Amino acid sequence: MELVTPEVGLIFWTALSFFILLFILGKYAWKPILAAVAERENSIESALSKAEAVKEEMARLTSENEALLKQARAERDAILSEATKVKNQIISDAKDAAHKEGARQIEQARLEINNQKAIAMADVKNQVAALSLEIAEKVLRKQFEDSKKQDELVRDLLKDVKLS
Amino acid sequence: MNNGSILKSKIFNLTLICAFFLTIGAFPFNAFSQESKSEAGEKKFDPKETIMEHIADKHEWHMFGKSYIPLPVILYTDKGIENFSSANLQPAGHVYNGKYYNYMLVNNKIKVVDGNGNIDKAANKKVWDFSITQNVASMWMTGLLLLIVFLGVSSKYKKRVGKAPKGLQSFLEPLILFIRDDVALPNIGIKYAAYMPLLLTIFFFILINNIFGMIPFFPGGYNLTGNIAVTLTLAVIILVVVNFKANKYYWKHIFVPNPWWLFPIMIPVEVVSIFSKPIALMIRLFANITAGHIIVLSLVSLIFIFNSLWISPVSVVFVVFIDAIEVLVAFLQAYIFTMLASLFIGMAIEEHHHEVI
């Protein structure tokens with residue numbers, strides 16, 4: 001029975017000690033410890049959420065970059081094909097122009113050649129005529145060296161001339 | 001097989017321990033037996049008396065063997081306060097002549113006696129014992145230890161803001177977080193923060209005293225948490241906190257049972273339940289810790305009951321086994337007390353928004 005009979009003295013000292021302990025520990029130990037733990041938990045939490053946000057941001061940036069790259073690639077392809085087209089156009093245009101120019105020049109050359117030929121032919125004709133005249137003069141001169149032949153010719157000629 | 005593996009094996013160690021006890025039993029048999037015989041000759045060994053003496057509170061702080069630290073005796077008498085050292089009451093049965101009365105130790109309790117050493121029952125009722133007993137001194141020691149440890153840990157938190165815990169801090173933080181996350185938060189709910197200091201103090205107070213009580217020599221070996229006065233005080237604190245913090249739903253539940261005709265039955269039952277909860281707390285802690293001490297002391301007493309060293313291996317093996325269980329119980333009872341305290345608080349401050357009466 002003695003075992004289960006509480007003693008007043010021990011109750012008093014236990015209560016007193018416990019309240020002092022509770023007060024000091026509560027004020028100087030539990031409060032700062034719990035606050036520090038809570039603060040650390042919050043900071044870890046926020047760090048984790050921040051990391052998550054950064055990860056998302058990174059993913060967003062990557063996808064954005066990819067899109068940009070894709071767009072750039074498409075643009076480059078478009079530009080290249082455009083350039084090829086333009087190049088071909090230019091080449092064909094140049095070819096056409098060259099053809100035309102060539103044809104024109106050829107035509108001109110032909111005309112020139114013809115002109116020149118005509119001039120040359122005229123010249124040749126003149127020369128031939130002059131030569132012919134000269135030859136004819138010389139021949140005539142030879143033939144008419146004696147007066148008998150001259151007279152004969154004059155008579156022939158006169159024979160031909162019919163007075164009408 | 002190499003020797004290393006034999007030395008490491010548990011069976012080898014067990015046989016070594018057994019061999020150790022057997023040799024102790026075999027060789028110095030005469031010396032031990034003579035000593036115990038001479039004691040037995042004077043007085044027959046009474047295990048009940050020994051165990052009860054160990055469990056009860058004392059006016060001296062026992063250290064090793066027969067040496068002890070005398071503690072102050074403070075008596076509140078109808079004539080004034082008596083204050084003297086407990087060394088004056090030694091050896092047992094010695095009558096000390098105080099200022100107002102004569103005192104003698106009877107079963108480790110201070111009793112007022114008359115000149116012939118007969119207990120004066122009328123005078124005893126007028127004398128209140130507020131002595132610093134072994135339990136009080138031990139409680140102050142463990143309280144001081146708690147203060148040193150937790151104020152140290154607290155300052156470490158200030159020094160290492162935002163850093164991972166280190167040393168003692170990392171050992172105690174899981175316990176603190178356990179009380180917070182697994183005891184207070186689920187049982188009390190959102191308002192748990194206000195009760196955290198109380199719950200933590202109760203938990204560590206019970207835990208450290210449970211553990212120190214298990215140490216069989218100075219500075220342990222006392223039985224504080226197995227003392228009904230201590231558990232009573234803790235239970236009353238819980239009772240007061242629960243009933244002072246209780247909200248209207250709690251009181252409505254007690255005094256306004258739902259069908260009106262249940263009033264005569266339910267109100268007494270509920271009023272009893274107010275007190276039965278802390279009483280259960282009180283008895284549980286007291287009984288568990290005291291029972292543990294009694295079992296350990298009984299097993300040790302076996303050696304003296306059989307008056308033979310041959311029984312010591314059996315006794316020691318069982319004591320080690322029970323001690324291992326008692327370490328578990330030390331944690332478990334501290335946990336259960338804290339858990340039930342937070343459960344009662346949680347029940348008292350629970351909000352019932354959906355309840356319409």
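All heavy atoms count here, side chains included; hydrogens, waters and symmetry mates do not. Note on naming: letters A, B, ... go to the chains in the order of the sequence lines (proteins, then strands), and numbering restarts at 1 for each one. Quick caveat: nothing in here was measured; it's all calculated off a predicted structure.
Side-chain contact between A:Glu7 and B:Asn135: absent, with no pair of heavy atoms (C-beta onward) separated by less than 4.5 Å. A heavy-atom distance below 4.5 Å is found between the side chains of B:Leu200 and A:Leu34. A heavy-atom distance below 4.5 Å is found between the side chains of B:Val136 and A:Leu10.
Contacts between B:Ser154 and chain A at a heavy-atom distance below 4.5 Å involve backbone atoms as well as side-chain atoms. If you measure heavy-atom distances from B:Ile237 to chain A, the contacts under 4.5 Å come from the side chain alone. At a 4.5 Å heavy-atom cutoff, the contact between B:Ile176 and chain A is made by side-chain atoms alone. Neither the backbone nor the side chain of B:Ile283 has a heavy atom closer than 4.5 Å to any heavy atom of chain A. In this structure, chain A has a heavy atom under 4.5 Å from the side chain of B:Arg180, while its backbone stays farther away. Neither the backbone nor the side chain of B:Tyr76 comes within contact range of chain A; no heavy atom of the residue lies under 4.5 Å from a heavy atom of that chain. Using a 4.5 Å cut-off between heavy atoms, B:Thr290 contacts chain A through its side chain alone, with no backbone atom that close. The part of B:Leu234 that comes within reach of chain A is its side chain, from C-beta onward, which places non-hydrogen atoms under 4.5 angstrom from that chain. Residue contact with chain A, scored on non-hydrogen atoms closer than 4.5 Å, involves the backbone and the side chain of B:Leu147 alike. Proximity to chain A is absent for every atom of B:Lys156, based on heavy atoms less than 4.5 angstrom apart.
In terms of non-hydrogen atom pairs under 4.5 Å with chain A, the most contact-rich of B:Ala56, B:Gly226, B:Pro165, B:Pro197 is B:Pro197.
Ring orientation note: the planes of B:Phe150 and A:Trp30 are tilted relative to one another, at an angle of 30° to 60°.
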- Would B:Phe205 and A:Leu21 satisfy side chain to side chain contact (heavy atoms under 4.5 Å, CB included), going step by step from the backbone distance to the final call? CA-CA 9 Å; B:Phe205 179 81; A:Leu21 200 63; 3.8 Å; yes
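With rounding to the nearest 0.5 angstrom, the CZ atom of A:Phe19 is 10.5 Å from the OG1 atom of B:Thr201.
Considering B:Thr231, B:Leu232, B:Val236, B:Val230 as possible partners of A:Thr14, the one that fulfils the side chain to side chain contact (heavy atoms under 4.5 Å, CB included) test is B:Val230. Tested against A:Trp13, the residues B:Ile74, B:Thr133, B:Thr233 include a single side chain to side chain contact (heavy atoms under 4.5 Å, CB included) partner, B:Ile74.
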